[in-house]
Amino acid sequence: MGTSTLPSRAAELLEPPVNLVIEGAPAVPAELAAKLEPYGDFRAHQMLSWHPQRRELLVSRRIVATNQVHRVSDPGANPEPLTDGSDAVDVARFDPADGESFLFLRAHGGSEAYRLFREEVSTKSVAALSPEAERVSDFDWAPHGGLAVYATQPLDRHNPANQAVTTVHVVDPAHPESDRVIAKLPGGGWSDFRFSEDGRHLCMTEWISIVQSSLWVMDVATGRKRRVTPRSREQVSYGPARFSKDGKALITTSDRGSEFHRLVYLPLAGGKPRVLTPKLAFDVEDFDISFDAKRIAFVTNEDGASALRFMDLATFKELPRPPLLRGVLHGLRWRPHSTEVGFTLVSARSAGDVFTYDLDSNQTTRWTNGRSPAVDSSSFAEPRVVKWKSFDGLEVSGLLYSPPKSFEGKRPVIVYIHGGPESQSRPGFLGRLNYFVSELGVAMVFPNVRGSSGFGKSYVKLDDTWNREHSVKDIGALLDWIAAQPELDASRIMVYGGSYGGYMTLASAVHFSGRIKSAVDIVGISNFVTFLEHTETYRRDLRRVEYGDERDPEMRAFLESISPLTHAERITVPMLVASGLNDPRVPYTEGEQIVANLKQRGTPVWYVLAKDEGHGFARKPNADYLFCLAVQFAKATLLE
């Protein structure tokens, strides 16, 4: 177990972390914090990178408060920390030449103003590579090392003109002075930079919206670029791409002519793209290519759960699928010079561990163990898919986690709404939320309202701009469904959500205060106009496509009309609101202004502002304390 954030058991109250500003909330009893501690002590592991020469991994894993880079030398070996600091490190990649160094991203205080760093593994000496006044949005190594690409975008505090531009750099990371800018690209939607095998070209994705993007190829020497995907009246989305070994094609995912993303082979000299997975009726959401194994590994999203699949690179014929536990898989990485692929697997009973699968031996190997020693996760609830009809007849679904049968009578319900809005509630790990289900007997429903991904691109677009409140009506229909379930108590419902889910929580409190008991809003949008005006410039245009352009008078009036802040007088249920001072996505002022309004009206509200967090509470002491407050809030407003 890691270093405890708790006081001695003799103390009566838990001291809040120094960077939390708390208003209107009661103190946390140390006894409650002790009960909750095991539910926050899981240590999820994330697959980051293979060593190029040894069977050895880089993974991310928490050290005390934040995730840091660790080296795992063998399956089951104790992870060796390579980075250590107050700010999290969740992305790192070995130098593919010799593995003696790695590149990683780090930002201060949750600001997401990432800088690129290089660390020597043997000495742990660290050097910054990217400019301090810009945010690194993406980076990658050339296949054989010696060169890396990274892209930066200006931060608003250094960008008085508020112009979105992406600057593309190449550098030999061992010699930072070699850094040179090869292109400046208009807009902030450029990402997924990958080298060709010979290191002479880059491919990249230009994102217009979640449902529209294009692929480009750039000459590394000159910076000249060309678009390689056709223009079309159809809104088409392309995922990250990889060059074929000979550099004459890209392999990518696309929903062109389909509701779902399919694996596609795209010739660069022209010619018709070849769909490699034509029969799949669900998204291909990740893939990686091994020219050594002559295979493509790819992941499909099947009713929210992941399936790992393989394809022969020469024939593009699919191979037998390995059996895996139900869960969500990500971080797919082939080990060089082998037939072994690594990945992270998260499930309802596992916070996330790194596994590998070897095609030749047909063997799955577990490398890490993220269990909490003080709680048995094998008893955690597995979700089941539930469905209901919304106001317009649309079928909406979600995941229901039911408490143990030892809890008798109708159970209170927490409706937990995901962010995005283009995200998806999936059968992953609930973490601390398991305490509600296992210990308090609360049922939890995770709806995938219209606008969620995973159900086809038509479904994703159903909440865009003028249809924003249709997704709120999906929650109203869910409340009707709950009322019809004999095991659920429709008189005791809490709505809970973060980011866009925070907006949905506030909107639900506006529209359904007579049907719910309370609501928890984490870093949520309270006014779409002020949100769009103050979110960071590099992401503003992408958000305008989703929500509407506040510069248009008619759209501005509409956005004001549907904003929860405009109708705060209709919120009559108690609220718990949390914000991060350094949030670049949803500025903390969104929480501040709804709290001020509710206080003025006499509506009960607890408010938490974290001065060292951004878009969500990532530091364990802060997250622990916020969850203690959430449990107290639920006991006071939902369970009593």
Please determine whether a side-chain nitrogen of the Lys or Arg among Lys279 and Glu318 lies less than 4.0 Å from a carboxylate oxygen of the Asp or Glu. no

Check: Tyr401 ring centre within less than 6.0 Å of Phe446 ring centre: yes

Flag the pair Met504 / Ser471 as yes when at least one side-chain heavy-atom distance between them is below 4.5 Å, and no otherwise. yes

So, Glu259 side chain and Ser458 main chain: donor-acceptor pair closer than 3.5 Å or not? yes

Under 6.0 Å between ring centres, would you say that holds for Tyr357 and Phe310? yes

Tell me whether Asn362 contacts the main-chain N or O of Leu359 through its side chain, where contact means a donor paired with an acceptor under 3.5 Å. no

State, with a plain yes or no, whether a side-chain heavy atom of Ser130 is found less than 4.5 Å away from one of Phe139. no

Sub-3.5 Å donor-acceptor pair from the side chain of Ser397 to the main-chain atoms of Val386, do we have one? no

Could you check whether Arg426 pairs with Glu285 (Lys NZ or Arg NE/NH1/NH2 to Asp/Glu carboxylate O, under 4.0 Å)? yes

Are Ile296 and Leu263 packed together at the side-chain level, in the sense that at least one heavy-atom pair is separated by less than 4.5 angstrom? yes

How are the rings of His201 and Phe243 set to each other: parallel, tilted or perpendicular (split at 30° and 60°)? tilted

Worked verdict on Val328 versus Leu345 for side chain to side chain contact (heavy atoms under 4.5 Å, CB included): CA-CA 6 Å; Val328 181; Leu345 183 63; over 6 Å; no

Among Arg135, Arg115, Glu134, find the one that has a side-chain hydrogen bond (donor to acceptor under 3.5 Å, both in side chains) with Thr152. Glu134

Does the separation of the ring centres of Phe193 and Tyr150 fall below 6.0 angstrom? no

Quick one: list whatever passes side-chain hydrogen bond (donor to acceptor under 3.5 Å, both in side chains) with Arg55, sequence neighbours left out. Glu340

Taking NZ in Lys389 as the centre, count heavy atoms belonging to other residues, nucleotides or ligands within less than 6.0 Å. Is the count above 12? no

Donor-acceptor under 3.5 Å (Ser49 side chain, Phe94 main chain): yes

Going by the side-chain contact (heavy atoms from CB on, under 4.5 Å) test, name the single residue among Val236, Val284, Leu266 that passes it with Ser254. Val236

Between Lys225 and Leu185, is a side chain to side chain contact (heavy atoms under 4.5 Å, CB included) present by the stated rule, with each step listed? CA-CA 10 Å; Lys225 71 180 189 303; Leu185 308 174; 3.8 Å; yes

State plainly whether the residues Glu234 and Lys457 are in salt-bridge range, i.e. N to O under 4.0 Å. yes

Determine whether the side chains of Thr356 and Trp367 contain a donor N or O and an acceptor N or O closer than 3.5 Å. yes

Arg262/Asp255 ion pair, N-O < 4.0 Å: no

Once you round to the nearest 0.5 Å, how far does CG of Leu103 lie from CZ of Phe117? 11.5 Å

Hey, is the main chain of Asp192 close enough, under 3.5 Å, to the side chain of Asp138 for a donor-acceptor pair? yes

I want to check something: taking the side chain as every heavy atom from C-beta on, are Val89 and Leu105 in contact at a cut-off of under 4.5 Å? no

Close side-chain approach of Glu119 and Leu82, heavy atoms under 4.5 Å: yes

Not counting sequence neighbours, list each pair that qualifies as a ring-ring contact (aromatic ring centres under 6.0 Å, His included) and has a residue in residues 250-299. Tyr265-Phe316

Just by distance, with hydrogens left out, do Asp198 and Ser196 show a side-chain donor and acceptor under 3.5 Å apart? yes

Ionic contact status for Asp353 with Arg366, cut-off 4.0 Å: yes

Contact between Val264 and Ile251 at the side-chain level, heavy atoms closer than 4.5 Å - yes or no? no

Could you tell me which residues satisfy ring pair (Phe, Tyr, Trp, His ring centres under 6.0 Å) with Phe343, sequence neighbours excluded, listed by chain and number? none

State plainly whether the residues Glu112 and Arg585 are in salt-bridge range, i.e. N to O under 4.0 Å. yes

Test item: Gln53 side-chain N/O and Ala97 main-chain N/O as donor-acceptor pair under 3.5 Å: yes

Does His470 offer a backbone N or O that forms a donor-acceptor pair with the side chain of Asn467 under 3.5 Å? no

Keeping Thr300 on the side-chain end and Asp283 on the backbone end, is there a donor-acceptor pair under 3.5 Å? no

Give the C-alpha distance, both sets of side-chain angles, the deciding distance and a yes or no for salt bridge (charged side-chain N to carboxylate O under 4.0 Å, His left out) between Glu197 and Lys245. CA-CA 6 Å; Glu197 282 299 291; Lys245 188 173 184 179; over 6 Å; no

Is Arg371 salt-bridged to Asp376, cutoff N-O under 4.0 Å? no

Should we say atom CG of Asn78 is surrounded by more than 12 heavy atoms from elsewhere, each under 6.0 Å from it? no

With the threshold set at 4.0 Å, does a side-chain nitrogen-carboxylate oxygen contact exist between Glu546 and Arg539? no

Any donor and acceptor pair, going by atom type alone, linking the side chain of Arg62 with main-chain N or O of His45 inside 3.5 Å? no

So how far is it from Thr339 OG1 to Asp360 CG, rounded to the nearest 0.5 Å? 3.5 Å

Between atom NE2 of His418 and atom CD of Gln424, what is the distance when rounded to the nearest 0.5 Å? 7.0 Å

Considering only NZ, NE, NH1 and NH2 on the basic side and carboxylate oxygens on the acidic side, decide whether Asp463 and Arg450 come within less than 4.0 Å. no

Ring center gap for Trp207 and Trp216 short of 6.0 angstrom: no

With rounding to the nearest 0.5 Å, note down the distance linking CD in Glu206 to CD in Gln212. 9.0 Å

Side-chain contact, heavy-atom cut-off 4.5 Å: Arg200 with Asp219? no

Apply the salt bridge (Lys or Arg N to Asp or Glu O under 4.0 Å) test between Asp288 and each candidate in Arg242, Arg295, Arg333, Arg309; give the one that qualifies. Arg242

Look at the side chain of Thr277 and the backbone N and O of Leu280, then say whether any donor-acceptor pair between them is shorter than 3.5 Å. no

Quick one: do the Asn67 and Ser60 side chains pair a donor with an acceptor below 3.5 Å? no

Would you mind checking if Arg544 and Asp541 are paired as a salt bridge, meaning a charged N to carboxylate O distance below 4.0 Å? yes

Let's go through Leu399 and Tyr416 carefully: what are the C-alpha distance in whole Å and the side-chain angles of both, what is the deciding distance for side chain to side chain contact (heavy atoms under 4.5 Å, CB included) to 0.1 Å, and is it a yes or a no? CA-CA 10 Å; Leu399 298 175; Tyr416 195 105; over 6 Å; no

Could you please spell out the steps behind the side chain to side chain donor-acceptor pair (under 3.5 Å) verdict for Thr83 and Gln68? CA-CA 6 Å; Thr83 63; Gln68 300 295 327; 2.7 Å; yes

Count the heavy atoms belonging to other residues, nucleotides or ligands that lie under 6.0 Å from CZ of Arg227, then report whether that count exceeds 12. yes

Any Arg326 side-chain heavy atom under 4.5 Å of Ser347 side chain: no

Check ion pair Asp140-Arg93 (N to O, under 4.0 angstrom): yes

